[in-house]
Amino acid sequence: MPADSVVLSAEEASLLSDRVYQVRCAAEDMATAIEEGAGHAELRELCDAVMRAARAADGWR
């Protein structure tokens, strides 16, 4: 196994997968809102949701 390998338990891998899924869903919600002409306030909320999800996904390290 390479020295820089990362080993996750099945539970940790599942949690990380869930967090990545949340990021994808939040980004899809934002894309839909943009396509539908959402206003600034709604887009700001969606952007904040994407950032929260991304921070949570990044927090596994």
Side-chain angles (χ1 to χ4, degrees):
M1 188 176 304
D4 62 346
S5 294
V6 176
V7 178
L8 298 175
S9 69
E11 181 180 358
E12 290 168 327
S14 178
L15 291 171
L16 179 57
S17 178
D18 289 346
R19 290 182 191 131
V20 171
Y21 176 75
Q22 290 170 359
V23 172
R24 183 174 63 89
C25 290
E28 288 174 350
D29 288 347
M30 180 180 279
T32 299
I34 290 168
E35 289 174 7
E36 293 176 353
H40 181 270
E42 183 179 357
L43 292 175
R44 180 73 252 173
E45 273 184 46
L46 291 168
C47 182
D48 290 344
V50 170
M51 293 303 298
R52 281 191 304 275
R55 282 188 201 103
D58 190 43
W60 72 275
R61 295 187 260 166

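All values below were derived from every heavy atom in this structure, side-chain atoms included, with hydrogens, water molecules and symmetry-related copies excluded. Source: prediction; values computed, not measured.
Hydrophobic clustering (side-chain heavy atoms under 4.5 Å, transitive across Ile, Leu, Val, Met, Phe, Trp, Tyr) groups Val20 together with Leu8. By the rule that hydrophobic residues join a cluster once side-chain heavy atoms approach within less than 4.5 Å of another member, Tyr21 and Leu15 end up as members of separate clusters.
Pairing each heavy atom of Met30 with each of Leu43, the nearest pair is CE-O, 3.9 Å. In terms of heavy atoms, Val23 sits closest to Ala57 at CG2-CB, 4.0 Å.
For Glu42, the side chain to side chain contact (heavy atoms under 4.5 Å, CB included) partners two or more places apart in sequence, or in a different chain, are Ala33, Ala38, Leu46. For Ser9, the side chain to side chain donor-acceptor pair (under 3.5 Å) criterion is met by Glu12, not counting sequence neighbours.
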Worked verdict on Asp48 versus Arg52 for salt bridge (charged side-chain N to carboxylate O under 4.0 Å, His left out)
CA-CA 6 Å; Asp48 290 344; Arg52 281 191 304 275; 5.0 Å; no
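The list of side chain to side chain donor-acceptor pair (under 3.5 Å) pairs with a residue in residues 23-38, not counting sequence neighbours, reads Arg24-Glu28.
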